[in-house]
S.K.: 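What follows is a single structure, and I will ask about it in a moment.
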2 protein chains.
Amino acid sequence: MGTQTRLRGLVIVNTGDGKGKTTAALGILMRAWGRGMRVVMVQWVKHRTGNWGEIRAAKKMGVEVIPMGAGFTWIPKPSPDTDARLGREAWAVAREKILSDQYDVVILDEITYALNYGWVDLEEVLDVLRNRPPRLHVVLTGRNAPQGLIDFADLVTEMRLVKHPYPDQGIPAQPGIEF
Amino acid sequence: MGTQTRLRGLVIVNTGDGKGKTTAALGILMRAWGRGMRVVMVQWVKHRTGNWGEIRAAKKMGVEVIPMGAGFTWIPKPSPDTDARLGREAWAVAREKILSDQYDVVILDEITYALNYGWVDLEEVLDVLRNRPPRLHVVLTGRNAPQGLIDFADLVTEMRLVKHPYPDQGIPAQPGIEF
């Protein structure tokens, strides 16, 4: 079996209540970029004007990381009008990226919020994933990944919180580490 | 409390049998690099001549990622002479980096193998961590993190395997995603 035929796009899900879901997706972005692959990340929760570590890094690398959320909060509190509209707009962008055949890896960061709040329909997402270019990898992140997504995915990892310093110890999230 | 006093170096452990331990450490590397922080990753298992995705990316970014292992295998099979010697050499480099005060983030990738095989002494590692520059973040990755390390760490995440496509489906590890 040649290399060509062995490359197969995977659907990868990083879920769970622990740290490292988005962070591991960034690691994939970095590895793929290192290999000259074409990568894009669409972000659901982070505010479109944010200047996070990954946004700054992406600018330096010339990679597209597109924050399309209504703002970052540790526990998202949807204000249905804005959040739902932005959530749907992010999906429209992501859908177009997935189907464009211009990428090797597309990352849908925190999309599970949009799925769980009903802003984006899971069946439509699965349909787009089914019809994606065969070698395209798609990475989806966020807490509480719906069972239908887990069933569909090739590779699912649960990031489980074992020990966390905040807020128990009064330590705020650290720049460069968490954002 | 000013920003200055709120920055505190964390000891972060990514462990578990799932994917994303090294990958999430790379995400931290990328975020920190995006913020202009000084980062280095020392790798225990990967072979020093490897040209993995993260090595290629690091070269493009001008970040130090230093593979110091005897070669990559999914299940490490130590040949005590070489592996133990290389494991100790990697720790000597890591120790010097941690104590140099030249970095904001030091990543010890797959160090748990060296700890679990007894090539590197846990108490010595904890001692160096205790004596590190106070704002230095240290990230340690690998399966089966020793309990003493978990007890010492600030933030511990278990990457738990929920679903994995290989080897069940005959799909090899994919470049850009896993390496």
Side-chain angles (χ1 to χ4, degrees), chain A residues 6-10 12-16 18-37 39 52-61 104-105 137 139 150-151 153-166 169 171-172 174-179, chain B residues 6-10 12-16 18-37 39 52-61 104-105 137 139 150-151 153-166 169 171-172 174-179:
Chain A
R6 290 168 62 217
L7 290 175
R8 206 202 80 170
L10 299 177
I12 298 170
V13 173
N14 294 345
T15 191
K19 294 288 160 188
K21 299 181 290 292
T22 297
T23 319
L26 290 172
I28 289 179
L29 179 151
M30 183 182 143
R31 278 193 176 126
W33 173 80
R35 291 181 176 273
M37 294 162 74
V39 195
W52 312 107
E54 61 258 41
I55 303 290
R56 301 185 198 198
K59 275 182 195 155
K60 286 162 81 171
M61 297 158 80
D104 300 297
V105 182
H137 302 292
V139 183
I150 290 173
D151 293 341
D154 298 295
L155 172 56
V156 180
T157 305
E158 179 195 349
M159 277 64 176
R160 198 174 71 78
L161 177 68
V162 176
K163 193 173 176 183
H164 195 298
Y166 359 97
Q169 300 178 34
I171 301 169
Q174 300 291 312
I177 303 295
E178 295 223 51
F179 59 90
Chain B
R6 290 167 63 218
L7 291 174
R8 205 201 82 170
L10 300 176
I12 298 170
V13 173
N14 294 345
T15 191
K19 295 290 160 186
K21 300 182 289 290
T22 298
T23 318
L26 290 172
I28 288 178
L29 179 150
M30 181 182 143
R31 278 193 178 127
W33 173 80
R35 290 181 176 274
M37 295 162 75
V39 195
W52 313 109
E54 61 258 41
I55 303 290
R56 301 185 197 198
K59 276 181 193 155
K60 286 161 83 171
M61 296 158 81
D104 301 297
V105 182
H137 302 292
V139 183
I150 290 173
D151 293 342
D154 299 295
L155 172 57
V156 180
T157 305
E158 179 196 349
M159 277 64 176
R160 199 174 71 80
L161 176 67
V162 176
K163 193 174 178 186
H164 194 298
Y166 358 97
Q169 299 178 33
I171 300 169
Q174 300 289 313
I177 302 296
E178 295 223 51
F179 60 91

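A note on names: the letters A, B, ... follow the listed sequences, proteins ahead of strands, and every chain is numbered from 1.
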S.K.: Please classify the contact between B/Met30 and chain A as side chain, backbone, both or neither, with a heavy-atom cut-off of under 4.5 Å.
M.R.: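 For B/Met30, the contact with chain A is made by backbone and side chain together.
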S.K.: Among A/Lys21, A/Arg56, A/Lys59, which has the most heavy-atom pairs under 4.5 Å with chain B?
M.R.: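 That would be A/Arg56.
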S.K.: With no hydrogens and no angle check, is any side-chain donor or acceptor of A/Lys19 less than 3.5 Å from a backbone partner on B/Thr157?
M.R.: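 Answer holds: no.
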S.K.: At what distance, to the nearest 0.5 angstrom, does CG of A/Asn14 lie from CE of B/Met159?
M.R.: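 Between A/Asn14 CG and B/Met159 CE, I get 8.0 Å after rounding to 0.5 Å.
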S.K.: Roughly how far, to the nearest 0.5 Å, is the NZ atom of B/Lys163 from the CG atom of A/Asp154?
M.R.: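 Between A/Asp154 CG and B/Lys163 NZ, I get 7.0 Å after rounding to 0.5 Å.
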S.K.: Once rounded to the nearest 0.5 Å, what's the spacing between atom CG of A/Leu26 and atom CD1 of B/Ile28?
M.R.: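 Nearest 0.5 Å value for the CG-CD1 distance: 10.0 Å.
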S.K.: A/Thr22: what forms a side chain to side chain donor-acceptor pair (under 3.5 Å) with it, not counting sequence neighbours?
M.R.: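 Checked A/Thr22 against side chain to side chain donor-acceptor pair (under 3.5 Å); matches are A/Asp109.
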S.K.: What is the distance from atom CD1 of B/Ile12 to atom CD of A/Gln174, rounded to the nearest 0.5 Å?
M.R.: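 Here the rounded value is 8.5 Å.
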S.K.: Counting heavy-atom pairs under 4.5 Å with chain B, which one of A/Ala58, A/Gly20, A/Pro175, A/Gly36 comes out on top?
M.R.: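 Of the candidates given, the most pairs with chain B belong to A/Pro175.
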S.K.: Identify the two heavy atoms, one from A/Phe179 and one from B/Arg35, that lie closest to each other, and give their separation to 0.1 Å.
M.R.: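 Heavy-atom minimum between the residues: CD1-NH2, 3.0 Å.
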S.K.: Please check this pair: side chain of A/Arg31 against backbone of B/Ile177, looking for a donor-acceptor N/O pair closer than 3.5 Å.
M.R.: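 The answer is yes, because a donor-acceptor pair under 3.5 Å joins these two groups.
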S.K.: Under a 4.5 Å heavy-atom cut-off, does chain B meet the side chain of A/Leu29, its backbone, both or neither?
M.R.: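 The side chain, not the backbone.
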S.K.: Might you point out which heavy atoms bring A/Met61 and B/Trp33 nearest each other, and give the distance in Å?
M.R.: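 Here A/Met61 and B/Trp33 meet closest at CG-CZ3, 3.5 Å.
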S.K.: Using a 4.5 angstrom heavy-atom cutoff, name the option from B/Ala32, B/Ala24, B/Gly16, B/Ala25 with the most pairs to chain A.
M.R.: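 Of the candidates given, the most pairs with chain A belong to B/Ala24.
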S.K.: Please look at A/Val105 and chain B and tell me whether the side chain, the backbone, both or neither of the residue comes under 4.5 angstrom of a heavy atom of that chain.
M.R.: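 Answer is side chain: those atoms of A/Val105 sit under 4.5 Å from chain B.
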